[in-house]
Amino acid sequence: MNLWYGDFQALHNVSLNVRHGQITSLIGPSGCGKTTLLRCFNRINERYGSVRTEGEIQVLGKNIYDADVSLIELRKSVGMVFQRPNPLPLSVYENIVFGLRLHNERSALRKADLDLAVESALTEVGLWNDLSGKLKKDAATLQLEQQQKLCIARLLPLKPEVILMDEPCSALDVEGTRAIEELMFRLQGRYTILIVTHNMAQARRASNECVFMLLGEVIEHRSTEDLFQSPQNPKTAEYLEGRFG
Ligand SMILES: Nc1ncnc2c1ncn2[C@@H]1O[C@H](COP(=O)(O)OP(=O)(O)O)[C@@H](O)[C@H]1O
Ligand SMILES: [Mg+2]
């Protein structure tokens, strides 16, 4: 994959095989293209001005850059979570059923099904016990950690294959960070998770595989354990030792 913002080439011949059902982290110094690469997986880069791409990305055997791909369908199967929790200005319940309402005829949605979707999504992210009695509460009044979990929960009724997370803990404290990392482990296996993080310790704790990027290129992609214990590229080693970035 190559990607340009106007004349500036932000990704250079990036080739990556992301393992299904695993957590893969993208690391590297600020500006190396982590967010850009992440956004290629749901083609949300195309919202940000004059972006041009070359190449393809296969998700479950289908090139998502084919002309016949529906961006709406793509973004159902490839969900995204952002740095700051961004729940909709609606109740907890409405946040979770929002995707279903968007993608289905009103008449096709029975209340019982919506209720079930809310319960199972909140259960999956570990919020059901805390929030089952507060479904009408405005999502903005929740703690930040709960808001971020809710932002993950609201993707689940659409049955995503891939969940993209761009520094999902950067607005959270240590406790919140730990909680989101635990949640990632619970979701692993059922979903393929790609996470951008500038936090090396987080990449090491919370991912199975790790991709080190520099100046728009993938320098090294290996199991997290191997990458941290015996990096093969000297640039990876220098970065991990904190010599730059
Ligand atoms: N919308 C944009 N328009 C122009 N340049 C951009 C845009 N977004 C990012 N860039 C540039 O692309 C490079 C990679 O940025 P980014 O993917 O955000 O890096 P990272 O997430 O690793 O910090 C940077 O040089 C950045 O300035
Ligand atoms: Mg970024």
Side-chain angles (χ1 to χ4, degrees), residues 1-18 22-57 59 64-65 71 74-75 78-86 144 147-148 151-152 155 162-173 176-177 180-181 184 192-222 224 227-228 231 233-245:
M1 167 79 46
N2 286 296
L3 181 145
W4 292 261
Y5 293 110
D7 294 334
F8 173 71
Q9 186 166 2
L11 295 178
H12 298 265
N13 295 317
V14 169
S15 175
L16 202 60
N17 188 358
V18 178
Q22 303 263 297
I23 303 172
T24 299
S25 60
L26 305 179
I27 63 169
S30 179
C32 70
K34 304 180 294 297
T35 293
T36 301
L37 178 57
L38 193 76
R39 287 178 183 159
C40 286
F41 286 86
N42 63 353
R43 293 183 54 183
I44 209 165
N45 278 319
E46 294 165 32
R47 284 190 193 163
Y48 299 89
S50 58
V51 171
R52 186 164 66 84
T53 54
E54 209 180 71
E56 58 177 49
I57 293 182
V59 175
I64 63 169
Y65 283 81
L71 290 184
L74 173 64
R75 288 171 195 161
V78 183
M80 188 159 190
V81 181
F82 298 84
Q83 293 190 340
R84 286 206 66 80
N86 61 344
L144 276 180
Q147 288 187 29
Q148 195 61 306
C151 289
I152 296 171
L155 305 174
V162 182
I163 299 179
L164 308 175
M165 302 184 174
D166 194 351
E167 309 208 15
C169 302
S170 62
L172 306 179
D173 60 12
T177 300
I180 297 295
E181 288 176 7
M184 285 163 54
T192 300
I193 298 178
L194 260 170
I195 173 177
V196 166
T197 176
H198 63 255
N199 178 339
M200 218 79 72
Q202 174 167 68
R204 192 166 191 168
R205 282 192 302 265
S207 64
N208 310 110
E209 301 216 338
C210 206
V211 176
F212 172 60
M213 296 180 70
L214 203 55
L215 296 171
E217 286 185 73
V218 169
I219 303 295
E220 191 160 345
H221 173 196
R222 298 168 72 203
T224 301
L227 188 114
F228 279 89
N233 191 300
K235 286 177 188 154
T236 314
E238 280 179 35
Y239 182 69
L240 296 178
E241 285 164 17
R243 282 199 252 154
F244 66 93

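What's counted below: heavy atoms across the whole structure, side chains too, no hydrogens, waters or symmetry copies. Order of listing sets the numbers, starting from 1, for every ligand and every atom in it. Small disclaimer: the values here were computed from a predicted structure and weren't measured.
- Here 1 is the count of protein N, O or S atoms positioned under 2.8 Å from the Mg ion (ligand 2), waters not counted.
- Within a 6.0 Å radius of CG in Leu215, no more than 12 heavy atoms belonging to other residues, nucleotides or ligands are found.
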Which pairs of donor and acceptor atoms, one on a side chain in residues 22-31, lie under 3.5 Å apart (sequence neighbours left out)?
residue, atom, partner, partner atom, Å
Ser25, OG, Ser207, OG, 3.0

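- A side-chain donor-acceptor contact under 3.5 Å links Asn45 to the backbone of Thr36.
- In this structure, the side-chain hydrogen bond (donor to acceptor under 3.5 Å, both in side chains) partners of Arg222, at least two apart in sequence or on a different chain, are Glu220.
- Checked by distance only, ligand 1 and Cys32 come closer than 3.5 Å through their nitrogen or oxygen atoms.
- Counting all heavy atoms, side chain and backbone alike, Met165 lies closest to Pro168 at CB-CG, 3.7 Å.
- Distances from atom 19 (O) of ligand 1 to the protein include at least one heavy-atom value under 4.0 Å.
- Here the protein heavy atom with the shortest distance to atom 1 (N) of ligand 1 is Tyr5 CE2, 3.7 Å.
- Protein heavy atom at the shortest distance from atom 17 (O) of ligand 1 is Thr36 OG1, 2.5 Å.
- By the 4.0 Å heavy-atom criterion, Gly28 is excluded from the residues contacting ligand 1.
- Near Phe8, the atoms of ligand 1 lying under 4.0 angstrom from a non-hydrogen atom of the residue are 11 (C), 12 (O), 13 (C), 25 (O).
- Taking a distance limit of 4.0 Å, we find that atom 26 (C) of ligand 1 is approached by no protein heavy atom.
- Atom CG of Leu172 sits about 5.0 Å away from atom OG1 of Thr177, to the nearest 0.5 Å.
- Sorted by first and then second residue, the ring-ring contact (aromatic ring centres under 6.0 Å, His included) pairs with a member in residues 34-54 form an empty list; sequence neighbours excluded.
- Any N or O atom pair closer than 3.5 Å counts here, and Gly31 shares at least one such pair with ligand 1.
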